[in-house]
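First comes the structure, then the notes that go with it.
Just so we're on the same page: letters track the sequence lines, and every chain starts at 1.
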Amino acid sequence: MNAPRGTVDILPKDVKAWQYVEDQIKEICNRYHYSEIRTPVFEHTEVYQRGVGDTTDIVQKEMYTFEDRGGRSLTLRPEGTAGVARAYVQNKLYGEASQPVKLYYFAEMFRYERPQKGRMRQLNQFGVEVLGSADPAVDAEVIDLAMTVYRSLGLTSLKLIINSLGDKESRADHRQALIDHFTPHKEELCADCQVRLEQNPLRVLDCKKDREHPAMSSSPSILDYLNDESKIYFEDVKAYLDSMGIEYVVDPTLVRGLDYYNHTAFEIMSDAEGFGAITTLAGGGRYNGMVEEFGGPSTPAIGFGMGLERLLMALDAEGIEIPDDDELDCYVVAVGKEPEQAAVRLVHELRTNGIQVDKDYQQRKMKAQLKAADRYRAKYVLILGEDELSQGTVTVKEMATGEQKVLPKEELLETLHGKLTGGK
RNA sequence: GCGGUCGUGGCGAAGUGGUUAACGCACCGGAUUGUGGCUCCGGCAUUCGUGGGUUCAACUCCCACCGGUCGCCCCA
């Protein structure tokens, strides 16, 4: 029996790294004054069809959709934003006194794709959503938060790419321009793009196959179709980024694979060597229409999703070590029936009194138990043998120095407390 | 969905049509009678992803399937 394709077990030795980055990120979210939200791991399929968009790859070919016993169509969460927007509407968070609502989440996502380096069928994302503000400073704050996460973990090979997709009017104008531009060349484009031209011409720009086509380089840039309002908005976002010293590159072909974006779109990539073919670490943008799409009031919003597997890969690629300080306060060594029974009572007593302690459960010889204690990086070994048992004592050995002394059992707890708290 | 590549013990990794399947790490035991990290000695794959086929003989050749991995598309 193996785990399903595209899934992995995160074993204890790896969980350390996960907890480390999660702790760091949560601390940053707290500093930026964001609150955690937890939404269901599956939603009605319509949530993603309407929220993410019917023409997207996610909806068209990557969703884990199933029918429940009541005949309802449900889908395992493929991305975070739609569910959060749905929750925002359903719980009327737009009515909260504090606006905007600034949220973050850690959640697993599911996409039916062929796995490869940095691409899993079940993946973990950290994400942020800010709903209820159309201030370009929020766009900048969200981008700043993402960059701060990476920087604070020590990553340096980063590239921030931004673009503006404009508002509804700008997008419509640009869309028409794209159709006019590509239609004469339609037969020369790949099959996918011929469909895209009909459904969502913006995504033709995203195509890798037709990248070399002459019509690509001469295609109308969204930036030339931004109306004044959109243009000013984009300028403001860039000015805020400049003022915070955040470097970026404007890429007019960055359109993102999700239909809901308008105005700001951004992606953070890694430059690091040995990162594989996948370089996108995080992506996001503004989605001012989604809340309304779910039946809520017109609500501007922006957010991003950050792949945690890719974050860990990036740390690895840049040679950043995760601190590993696993130690064990005490390890009780006992050989023989009577001593072992006494040892069970002793570890229970010490644990009850707040001391971290473990013992052998493999009936190993004393020597092997000491070896185990060494492997666990135990600070102290408590030896409880026949002699100690008959005398009501415990031998305490400090592993770092090898020094040991015999203590009356009554003094053990106090001594350990003193050593473990004072010694640190 | 398509393509490349790989599949030998807990892990890493030799091997080659011929009959005991190297080695390293880890682990277990012993030298050490109650004491770790070093050293020495010993133990640890009736078996080479699964199923067929070729052959006197297959881990080695062929086919299929399964699985891993990398890449394409697209993205986290």
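- Nucleotides B:rG51 and B:rG42 place their P atoms 36 Å apart, quoted to the nearest Å.
- The side chain of A:Gln116 contributes an N or O atom lying less than 4.0 Å from OP1 or OP2 of B:rG71.
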Is there any protein nitrogen or oxygen under 3.5 Å from a nitrogen or oxygen in nucleotides 1-12 of chain B, and what are the pairs?
residue: B:rC2; atom: N4; partner: A:Arg114; partner atom: NH1; Å: 2.7

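- Protein atom CZ of A:Arg364 is 7 Å distant from nucleotide atom P of B:rG29, rounded to whole Å.
- Distance, A:Leu308 CG to B:rA76 C1': 9 Å, rounded to whole Å.
- Exactly one residue among A:Leu155, A:Leu160, A:Val149 makes a side-chain contact (heavy atoms from CB on, under 4.5 Å) with A:Ile268. That residue is A:Leu160.
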Side-chain donor-acceptor contacts of residues 120-145 of chain A below 3.5 Å, not counting sequence neighbours, with atom names and distances?
residue: A:Arg121; atom: NE; partner: A:Glu113; partner atom: O; Å: 2.6
residue: A:Arg121; atom: NH2; partner: A:Glu113; partner atom: O; Å: 3.3
residue: A:Asn124; atom: ND2; partner: A:Glu309; partner atom: OE2; Å: 3.0
residue: A:Glu129; atom: OE1; partner: A:Tyr287; partner atom: OH; Å: 2.5
residue: A:Glu129; atom: OE2; partner: A:Thr81; partner atom: OG1; Å: 2.8
residue: A:Ser133; atom: OG; partner: A:Asp135; partner atom: N; Å: 3.1
residue: A:Asp135; atom: OD1; partner: A:Ala137; partner atom: N; Å: 2.8
residue: A:Asp139; atom: OD1; partner: A:Tyr233; partner atom: OH; Å: 2.7
residue: A:Asp139; atom: OD1; partner: A:Arg286; partner atom: NE; Å: 3.2
residue: A:Asp139; atom: OD1; partner: A:Arg286; partner atom: NH2; Å: 2.7
residue: A:Asp139; atom: OD2; partner: A:Tyr233; partner atom: OH; Å: 3.4
residue: A:Asp139; atom: OD2; partner: A:Thr264; partner atom: OG1; Å: 2.6
residue: A:Asp139; atom: OD2; partner: A:Arg286; partner atom: NE; Å: 3.1
residue: A:Glu141; atom: OE2; partner: A:Tyr34; partner atom: OH; Å: 2.7
residue: A:Glu141; atom: OE2; partner: A:Lys102; partner atom: NZ; Å: 2.8
residue: A:Asp144; atom: OD1; partner: A:Thr148; partner atom: OG1; Å: 3.2
residue: A:Asp144; atom: OD2; partner: A:Tyr32; partner atom: OH; Å: 2.7

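- Comparing A:Pro115 and A:Leu281 by the nucleotide of RNA chain B that holds the closest heavy atom to each, the one mapping nearer the 5' end is A:Pro115.
- For the pair A:Val394 and A:Glu411, the minimum side-chain heavy-atom distance is 4.5 Å or more.
- Listed candidates were B:rG29, B:rA76, B:rG67. Nearest to the side chain of A:Arg111 is B:rA76.
- Only the P atoms considered, B:rU47 is 23 Å distant from B:rU16, to the nearest whole Å.
- As rounded to whole Å, 12 Å separates atom C1' of B:rU32 from atom NZ of A:Lys365.
- Rounded to an integer number of Å, the gap from CG of A:Asn2 to C1' of B:rC66 is 10 Å.
- By the side-chain contact (heavy atoms from CB on, under 4.5 Å) test, A:Leu74 pairs with A:Phe42, A:His44, A:Phe66, A:Asp68, sequence neighbours left out.
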Legend entry - Nucleic acid footprint by protein, nucleotides 33-42 of chain B - heavy-atom cut-off 4.0 Å, B for base, S for sugar-phosphate alone: -BBBS-----
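- If you check every strand for non-hydrogen atoms under 4.0 Å, A:Arg203 touches sugar and phosphate atoms only.
- When the P atom is used for both B:rG49 and B:rA58, the distance is 15 Å, rounded to whole Å.
- Within the 4.5 Å cutoff, the side chain of A:Val47 has heavy atoms near those of the A:Phe294 side chain.
- Between A:Tyr104 and A:Phe106, the two ring planes are perpendicular [angle over 60°; tilted spans 30° to 60°].
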Legend entry - Stepwise salt bridge (Lys or Arg N to Asp or Glu O under 4.0 Å) check, A:Asp57 with A:Arg111: CA-CA 10 Å; A:Asp57 281 1; A:Arg111 296 186 195 170; over 6 Å; no
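- Side chains of A:Leu165 and A:Leu202 form a contact here, defined as non-hydrogen atoms less than 4.5 Å apart.
- A:Ala282 comes within 4.0 angstrom of the backbone, heavy atoms only, and of no base.
- Residues meeting the side-chain contact (heavy atoms from CB on, under 4.5 Å) test with A:Asn91, sequence neighbours left out: A:Ala87, A:Leu93.
- Evaluation of the side chain to side chain donor-acceptor pair (under 3.5 Å) test over residues 383-407 of chain A, restricted to residues two or more places apart or in two chains, returns A:Glu388-A:Thr395.
- Comparing B:rC28 with B:rC66, their P atoms are spaced 40 Å from each other, to the whole Å.
- Side-chain contact between A:Met306 and A:Leu281 is absent, with no heavy atoms from C-beta onward closer than 4.5 Å.
- The side-chain contact (heavy atoms from CB on, under 4.5 Å) search around A:Asp271 returns A:Ser157, A:Lys159, not counting sequence neighbours.
- Counting heavy atoms from C-beta on, the side chains of A:Ile162 and A:Leu241 come closer than 4.5 Å.
- B:rC27 sits 27 Å from B:rU69 when the P atoms are compared, rounded to a whole Å.
- Nearer the 5' end of RNA chain B, as judged by each residue's closest nucleotide, is the contact made by A:Gly6, out of A:Thr279 and A:Gly6.
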Listing time: all N or O pairs from protein to nucleotides 47-51 of chain B that are below 3.5 Å?
none

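- In RNA chain B, consecutive stretches of 3 or more Watson-Crick or G-U wobble pairs with both distances under 3.5 Å are given as paired ranges: B:1-7 with B:66-72, B:10-12 with B:23-25, B:27-31 with B:39-43, B:49-53 with B:61-65.
- Because its NZ or CZ atom is not both nearer than 6.0 Å to the ring centre of A:Phe182 and within 45° of the ring axis, A:Lys186 does not count as a cation-pi partner of that residue.
- Rounding to whole angstrom units, CD of residue A:Gln122 and C1' of B:rA76 are separated by 13 Å.
- Rounded to the nearest Å, the gap between the P atom of B:rC70 and that of B:rA13 is 15 Å.
- One interatomic measurement links the two molecules: CD of A:Gln369 to C1' of B:rU32, which rounds to 16 Å at whole-angstrom precision.
- Distance A:Met269 CE to B:rC75 P: 11 Å, rounded to the nearest Å.
- Comparing the same atom, P, in B:rC25 and in B:rC40 gives a spacing of 10 Å after rounding to whole Å.
- Less than 4.0 Å separates RNA chain B from no heavy atom of any residue of residues 34-46 of chain A.
- Every residue two or more places apart in sequence or in another chain that forms a side-chain contact (heavy atoms from CB on, under 4.5 Å) with A:Glu349 is listed here: A:Asn353, A:Lys409.
- A:Tyr248 and A:Asp242 share a donor-acceptor pair across their side chains, judged by distance under 3.5 Å alone.
- In this structure, A:Glu267 places its CD atom 7 Å from P of B:rC75, rounding to the nearest Å.
- The aromatic rings of A:Tyr112 and A:Tyr64 lie perpendicular to each other, with more than 60° between the two planes, well past the 30° mark.
- Legend: side chain to side chain donor-acceptor pair (under 3.5 Å) pairs involving residues 6-28 of chain A, not counting sequence neighbours, sorted by first then second residue: A:Lys16-A:Asp324, A:Glu27-A:Arg31.
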